[in-house]
Each structure stands twice: as C-alpha cells, then as structure tokens.
Amino acid sequence: MSLIWFVEQPLWYLSATVFVVGVLWRLFALVALGKKEDLSVARGSAGGGAVRAVLLHFIPHGGFFSKTFFHFLAGYAFHLGLFVLLLFAAPHVTFIDERILGVGWTPLPRWAFILTAEIAFAGLIFLWARRISDPVQRQISDADDHAGTWLTFIAMLTGCLALQESNDALRIIHMLSVEVWLIYFPFSRLMHAFTWVLSRGNMGAVFGRRGVTP
Amino acid sequence: MSAQKAIDALAGQIDSTVASYLEACIHCGQCAEACHFYQVTGDPKYTPTYKMRPIDRVYRRDKAPFSGLMKAIGLAPDELTMQDLEDWSELLYDTCTLCGRCTLVCPMGIDIATVVRKSRAGLVAAGMVPEGLLAAAERAVEQGSPLIKPGVLEKVVAKQSAEVGIPIELDKKGVDYLVILSAMEILNFYEVIGALAKIFKQAGISWTISTTAFEATNIGYQMGSPDIARTLVQRIVDSAEELGVKYVISPECGHAYTALNWDGPNMTGKRHSFKVIHILELLEQLRRDGRVKTKGLDGRRITYHDPCQISRRGGVIDEPRSLIDQISSNFVEMRNHGAANICCGGGGGVSSNPRAEGLRIKAFACKKEQIDELGGVEALVTSCANCRNVLEEAIDEFEMDLPVVGLTELVAMYLDEGEKKPAARKRRKKAA
C-alpha cells in the first residue's frame, strides 16, 4: 500500500462521502426545521418572488454598487475563477472522466489555466486581506471564516503546483489538501455554496407574497 | 430571570427560513453600507449581521445540523450569558429600526430585520426590554393604546367630526370598513380623522371606528413579544368580527400594516374573516374607480418619504406615487426612492425608546442627505405617523425648514368638493 494509493483511493472515497452525505444531511436538517403556513392573503406570488430574489441578488441593487464594488469584483473573480479551474483544469477533466462521471470535455489550455488561476487567487487574497483589515469585517469574522479561506487557498495553491503531474509528492499534497477541504466543508460556512439559494429564495418568497422583492 | 429562558425563546424563533439566513451569512459586512446607524457612527458593532450574533450562537450550539457533534468536540459556540444579552440589548433595540434596507445589499438576500425582531424575543424573556418600550406595551395591553387614555379618542373624533361637518359614528355595526389609527395620529395628527371623513363621504363608504380596538400600533410586535403582539392583533380581529365589517383599513402607520396584514393571521393562527387594506391602497382604488375626485394641483416642490414597512417590506410603492401625481405639479423623487429608501431613523420601536434618542436623531443625517440632494424641497410627504413624528423632531434638531405632510391629509385638501374646495386650498397654501 503506497501513500499515493491511500490518498487517491480510500481517503478520496472517505472524504467524498463525508462531503456528499454531510452536505445533503445539513441541507435536509435545515429544511426539516420546517415553517408554519403563511395565513396572510398574498398580493403576489411566493414562487415568483423567490426566483426574482435569487436572480436579483447576483448584482448589488438599491444604489449600493459603488459602495460594494470591491466585494462584487473580488467575489466574482474568485468564485468564477474557482469554478473554471475546478471544471476545466486538464487534470481535473481527466479525474472527472476516469473517476467520477466517465465522461470528459475539452480542458483549458495552459495559458488560460494560468490566467484563470491568477484571477481566482487575486480575488481570494483581496477578500481575505479585507477580512483582516476592514474594521467591520474584523468585528464580524470568526475562526471558521479564516479556516475556510485558508483551506481553499491551500487547495488552489497545491493544485497549481501539481499541474504538471510530474511529481507524486505534489500530487499527494494537493489530493490531501482537497480531501481535508471536502471533509471540512459540510461542517463550516463553506456551506454557503449551497445555502445561498435557500436564503435568497426564502426571503424572496416571503416578500413576493407582499408584492415586492427587496 | 435566567439566560436559559432567553435561549429557549430564541431557539423557539428559529424555523427553516431563519436557519437559512443564519447558515448563508458569509460575514462580508456589506450590510453595514445600508445601515444608517453604522453610516453615521462608523462603529463596526452596528453592522446589521453582528446584531444576529446571539440567535446565531443559539442556533449553532443547540439547533443547527451537527450541533451535537460540535458540542462534543468543543467547537460549538459558548452558551449565551446574561451579560451577552445585556451587551446586545442596545444593538437589538436601539440601533435597528427593522427597516430591512440591509437585505437589499446582502448578496445572500438575508432578511436581517426579521431576525433582529425575532431576536428581541430573547431579550423579552430575559427581562431586558428598554423601559420606554415596556411601559408602552403595558399601557397598550391595559388601556388599549400606548399613548391614548380612555375617553380621549371619543373627544378627538367628536372635534374632528364637528370641524369637517360630517358625522362620525363610533362602534357602528354593519358598516363595510373599520378604521384603526395609530396613537401618534390621534395625539399629534388628528386632522387625518377629518380627512378620512371627507374622503369617505365623497366615496360613499360606510365606516366606523371601534372604541375598544382603535389602536393600530402593535408595540408587542416591535418589542419582540409574541404574546403581547398576538393580544393586540386579536383585539382588532375580535372587534372587526363583532362589528361585522368586510375591511379593516390599516392607517398611515408602517409596522401596523405588517403586524396586522402580513403577520397578523400567523399570530392568531387563523385567516382573517375580513380583508386588511392599507389606506393608500384604498385611496388609489377609489381614485381609479372615480369615487374620489381631486381638483387643483399643489405647486410646491414636494418629495415622498417611503415608510420602510409600507414600501420596502409592505409592497405599497406605486399607490402613493399615483395619488401624489394627481394632486402635485412639482413632485420629485429622492435618490434610491421606493424599496431602497432610507429609513426615518425611528421605526421598529426605536422612537418609543428614550435610550435611543441621541442616536436616532444622529441617524437622520442619512435621510437629510437624501433630501438635500434634491435641493429646494418645500414639503416632505409621507404615509406613516411615526415617520412623520420622527422626521419632524429631527428636522427641528437639524434646524431645517421643511413641513412634513401626511398623504391622506394632502389628498383630502385637494378633494373636489365644489364650493368648499377653494377654502381648503387657500388654507394649505397659507400653511406652506
């Protein structure tokens, strides 16, 4: 039993299982808390409000764009960059094809990978720098916020180092960091990757019945 | 009092909607940009999401998925203490008007105002309600209104009835509409009663006011006491059912509309047997149907202050504008009007809380900036008596020269009453 086998086989399946089961359980348990039927007479549609809120909050509205431009730019740079790397980095496409879906697609060329990685890193670093420097964010941040950021940063960094797939040690380090990230995910605020839809949707549904979408 | 009671009360407020809000917050702090209390002080503790911290701690410790595991490995948040609750009392009662503007800017769409209101239930359980609010709630339960003593309503109505020359019958059964009023209207802006009498006479509406359930203000809703809030809603429901009305007219009062119309049936546990209609909705409907006609135009440069609970959180946004368009030739909109409007600074029970007065006045600077940007505004129209009172006080403090006018009264001034009309216009112009 080699270390790379351990990391790529049992540990991978364990972490992926913790991730999938943990995320599903957390979402199920959240929804299972339940809520009472709204007995007021609706002026508008709850469903329509939910959809509107989910879409509306992709972009700052209400006159706040200039004040929140930093978050908008850094946030989208990081998140879009991360998703592109996750789905289109050449080793990931191979991994998804061989280990998960059995189907692959055209990966990013190397230059595009580097450009995307730089954008994603810039976004993440700027967001974290603001978290430790802005008085408001310092007041409201906790250990989970920092841990989630750092685990993501390490997974991305080790991924870049392992891009060439020429060194087993680098590949093991990347796989390990990703597996720690996957295990941490369902227990942390990284869950916002899923709960944002519930939050926006619930708010939109409440106010959609009232005929307005804040 | 013990922290455990507060913890239980807070846990009882967490349903899947509140949990989704608490789960989704990423601590980005953008909500601070929308909060007038943060904007005028620059103090990070006023960041809206920080006000959710006590209920968030209860959620993560006792109710969240995996909370048992987290407690077992020592990663759950510490249990709330009485000191924590005392520390958050100012944040929850004095520095949040429940205006909900932070929801606009939140990338997760979190309704922080609702979470703050529900969090107040914990402070109610811990006996940490600010004295002013608590006393107002006690008066509301015992005497029927936080401000109006027994017998005062009858005198005010009689005076208004005589002034406009229209009989107003109290406790009249079999009418279509029951009018409820906010204490602030009866106390300070009682002309609205005469205005309603004139408008309803022209529209041919049958209406009454109940002497037992005239008060629209729901101080229990504001302070976060589900029991008191339910008692006050039930009083209106019982009266409406006893009088057999088809409609209850929610007055120019922000949270009264939310408390009775949107949350009222959920508090009493059954659908209303009547329809709640906001006065602005009704006026606009009557205007559209040709039952209320106006004549003449107000030439002053006027703007409209959207009460948060009526517009952003109540959905009544187009109606006031349509009404103003009928009676004004010089109406201008503030930047970010409608759903994005800036709060007066005194909603959500803040104006009933003497402890919060200094900060409330200070917070008006945000509203003032919005008004000043327009330049040369000669009157500020609104449709919430509490906003009106708060705005008038702040306008005095800031030494501005700006009359604040209730929209219902403004409509009544321009009613097409034939011969009587010119006198009403003359009086208003003189006041201007």
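Keep in mind that what you see is a predicted model, and the values were worked out from it rather than measured. A note on names: the letters A, B, ... follow the listed sequences, proteins ahead of strands, and every chain is numbered from 1. Both backbone and side-chain heavy atoms feed into the values below; hydrogens, waters and symmetry mates do not.
Of the residues listed (A/L30, A/V31, A/V197), the one engaging B/S20 in a side-chain contact (heavy atoms from CB on, under 4.5 Å) is A/L30, and it is the only one.
A/D142 touches chain B through backbone and side chain together, each having a heavy atom under 4.5 Å away. Within the 4.5 angstrom heavy-atom criterion, only backbone atoms of B/S311 (N, CA, C, O) approach chain A. Only the backbone of B/N261 comes within contact range of chain A, judged by heavy atoms closer than 4.5 Å. When heavy atoms are compared at a cutoff of 4.5 Å, A/P135 approaches chain B by way of both its backbone and its side chain. Heavy-atom distances place no part of B/L22 under 4.5 Å from chain A, backbone and side chain included. With a threshold of 4.5 angstrom between heavy atoms, B/L75 does not approach chain A through any atom at all. Looking at B/T103, both its backbone and its side chain come within 4.5 Å of chain A, counting heavy atoms on both sides. For B/V316, the parts lying near chain A are the backbone and the side chain together; criterion is any non-hydrogen pair under 4.5 Å. B/T47 touches chain A through its side chain: at least one heavy atom from C-beta onward sits under 4.5 Å away, while N, CA, C and O do not. For chain A, the nearby parts of B/A34 are the backbone and the side chain; heavy atoms of each come within less than 4.5 Å. Within the 4.5 angstrom heavy-atom criterion, atoms from both the backbone and the side chain of B/R313 approach chain A. At a 4.5 Å heavy-atom cutoff, the contact between A/D145 and chain B is made by side-chain atoms alone. With a threshold of 4.5 angstrom between heavy atoms, B/N341 does not approach chain A through any atom at all. The part of A/V41 that comes within reach of chain B is its backbone (N, CA, C, O), which places non-hydrogen atoms under 4.5 angstrom from that chain. Residue contact with chain A, scored on non-hydrogen atoms closer than 4.5 Å, is absent for B/K275. Looking at A/R131, the atoms closer than 4.5 Å to chain B (heavy atoms on both sides) all sit in the side chain, from C-beta outward. Contacts between B/Y46 and chain A at a heavy-atom distance below 4.5 Å are absent for every atom of the residue.
Comparing A/L39, A/V212, A/L33 by how many heavy-atom pairs each has under 4.5 Å with chain B, the most go to A/L39. Between chain B and the options A/D38, A/L198, A/I59, heavy-atom pairs under 4.5 Å are most frequent for A/D38. Of the residues considered (B/Q30, B/H272, B/R312), B/Q30 shows the highest number of contacts with chain A, using heavy-atom pairs under 4.5 Å. Per-residue counts of heavy-atom pairs under 4.5 Å with chain B were compared for A/G34, A/A53, A/G201; the largest is that of A/G34. Ranked by heavy-atom pairs shorter than 4.5 Å toward chain B, the options A/R200, A/R209, A/H192 are led by A/R200. The residue among A/Q137, A/M191, A/R138 with the most heavy atom pairs within less than 4.5 Å of chain B is A/Q137. For the set B/I14, B/I110, B/T49, B/N266, the count of heavy-atom pairs under 4.5 angstrom toward chain A peaks at B/N266. Heavy-atom pairs under 4.5 Å with chain B were tallied for A/A143, A/G62, A/A29; the largest tally goes to A/G62. For the set B/G100, B/G315, B/A340, the count of heavy-atom pairs under 4.5 angstrom toward chain A peaks at B/G315. Contact count versus chain A (heavy atoms, under 4.5 Å) is highest, among B/C25, B/P265, B/A32, for B/P265.
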Test log, rule ring-ring contact (aromatic ring centres under 6.0 Å, His included), inputs A/W181 and A/Y184:
CA-CA 5 Å; A/W181 187 86; A/Y184 183 72; 9.2 Å; no
Under the ring-ring contact (aromatic ring centres under 6.0 Å, His included) criterion, do B/Y247 and B/F274 qualify, and how do the steps go?
CA-CA 5 Å; B/Y247 302 91; B/F274 49 86; 9.5 Å; no
Verify salt bridge (Lys or Arg N to Asp or Glu O under 4.0 Å) between B/R53 and B/D84, making sure each step is shown before the conclusion.
CA-CA 10 Å; B/R53 191 58 60 92; B/D84 293 326; over 6 Å; no
For B/E281 and A/R43: C-alpha separation, side-chain torsions, deciding distance, then whether salt bridge (Lys or Arg N to Asp or Glu O under 4.0 Å) applies.
CA-CA 12 Å; B/E281 289 181 294; A/R43 184 192 286 135; 2.8 Å; yes
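Within 6.0 Å of the CZ atom in A/F83, the count of heavy atoms belonging to other residues, nucleotides or ligands does not exceed 12. The environment of CZ in B/F66 is crowded: more than 12 heavy-atom neighbours from other residues, nucleotides or ligands sit within 6.0 Å.
Here the closest non-hydrogen pair linking B/N336 and B/Q370 is O-NE2, 3.7 Å.
Ionic pairing of A/R189 and B/E23 is not present here: no N-O contact between side-chain nitrogen and carboxylate oxygen is shorter than 4.0 angstrom.
At a threshold of 4.5 Å between non-hydrogen side-chain atoms, the residues B/R117 and B/Q13 do not count as touching. Looking at heavy atoms from C-beta onward, A/F187 lies in side-chain contact with A/V18 at the 4.5 angstrom threshold.
The backbone N or O of A/Y76 lies less than 3.5 Å from no partner atom in the side chain of A/H79, so there is not a single donor-acceptor pair.
Side-chain polar atoms of B/T268 and B/Q234 form no donor-acceptor pair below 3.5 angstrom.
In this structure, the ring of A/F153 has its center less than 6.0 angstrom from the ring center of A/W150. Aromatic rings of A/W12 and A/F6 (six-membered ring for Trp) have centroids beyond the 6.0 Å cut-off, not under it.
Between B/Y221 and B/H255, the two ring planes are parallel [angle under 30°; tilted spans 30° to 60°].
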